[in-house]
Amino acid sequence: MKTIKTKRRAKIRLKLKKTIRGNNVMPRLSVFRSNKNIYAQIIDDAKGSTLVSASSNSKDFDKFENKISAALQVGKLIAKKASKKGISLVKFDRGGYLYHGRVKSLADGAREGGLKF
C-alpha cells in the first residue's frame, strides 16, 4: 500500500516526465533518493541509454559525516564524469522530490563541477 507521500511523489514525477525529455544535445540529469543513499544519472531519452551515473554507495566514496555532504560529492562526481564525456548542458529532473536538502545539495555540487541547467 502506498503512503500519501509516495502517491504525491508519483503524481509529480509523471508531470515532470511529460515535460522533461533528454536528448543528445541536452540530456536529462535524473535524481533518485533513498533513505541511505542518493543516485544520479545522465540519460539520453532519445536513445534510451544512460550516459553517466554516480551514487553515494559506490566504491569511490568513504563514510560521510551526513547525507547532504554525500549528495554534494555525488553532484561534483557526476559533473566530472560528464565533462569527460563532453556533456556540459543538462535538464535537471528532481524525480518528484522537493528541491531542498539532498536534492538541492546534489544540484549545487553539479553546478560547482561545471554542469549548466
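- Side-chain contact between Arg94 and Ile12 is present, with heavy atoms from C-beta onward closer than 4.5 Å.
- Listed here is the closest heavy atom pair of Ala110 and Ala79: O-CB, 3.5 Å.
- The backbone N or O of Gly48 sits nowhere less than 3.5 Å from a side-chain atom of Asp45 that would complete a donor-acceptor pair.
- No side-chain N or O of Ser105 forms a donor-acceptor pair with one of Asp108 less than 3.5 Å apart.
- For the residue pair Ser58 / Ser55, no side-chain donor-acceptor distance below 3.5 Å is found, with atom types taken as modelled.
- Here the side chains of Pro27 and Ile43 are not in contact, with every heavy-atom distance at 4.5 Å or above.
- Put simply, the side chain of Lys84 does not reach to within 4.5 Å of the side chain of Lys81, judged on heavy atoms.
- Atom OG of Ser49 and atom CG of Asp44 lie 5.0 Å apart (nearest 0.5 Å).
- For the pairing with Val52, the side-chain contact (heavy atoms from CB on, under 4.5 Å) check across Leu77, Leu29, Ile42 returns one residue only, Ile42.
- Ser83 and Lys80 get closest at one heavy-atom pair: OG-O, 2.8 Å.
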Fill in: Full working for side-chain contact (heavy atoms from CB on, under 4.5 Å) between Ser30 and Tyr39
CA-CA 8 Å; Ser30 177; Tyr39 307 85; over 6 Å; no
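- Looking at Arg33, Arg102, Arg9 one by one, the single match for side-chain hydrogen bond (donor to acceptor under 3.5 Å, both in side chains) with Tyr97 turns out to be Arg9.
- Every residue was checked against the side chain to side chain donor-acceptor pair (under 3.5 Å) condition with Asn35, not counting sequence neighbours, and none meets it.
- With a 4.5 Å cut-off on side-chain heavy atoms, Leu51 and Ile87 count as touching.
- Across all their heavy atoms, Ala82 and Leu115 have their closest contact at CB-CD2, 3.9 Å.
- Residues Ala40 and Val74 come closest through the heavy atom pair CB-CG1, 4.3 Å.
- Side-chain contact between Ile38 and Val31 is present, with heavy atoms from C-beta onward closer than 4.5 Å.
- Here the shortest heavy-atom pairing between Lys36 and Ser56 reads O-OG, 4.5 Å.
- Taking hydrophobic clusters as Ile, Leu, Val, Met, Phe, Trp and Tyr residues chained together by side-chain heavy-atom distances below 4.5 Å, Leu72 does not share a cluster with Ile78.
- Connectivity analysis of hydrophobic side chains (ILVMFWY, heavy atoms under 4.5 Å, direct or indirect) links Leu89 to Met26.
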Practice prompt. Would you sort out whether Phe117 and Arg111 count as a side-chain contact (heavy atoms from CB on, under 4.5 Å), showing the intermediate values?
Written response: CA-CA 8 Å; Phe117 48 89; Arg111 284 191 187 106; 3.2 Å; yes
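- Looking only at side-chain heavy atoms (C-beta outward), Lys116 and Ser88 stay at 4.5 Å or farther from each other.
- Using cut-offs of 30° and 60° on the angle between ring planes, the pair Tyr99 and Phe92 is perpendicular.
- For Leu14, the CG atom sits in a packed shell: over 12 heavy atoms of surrounding residues, nucleotides or ligands are nearer than 6.0 Å.
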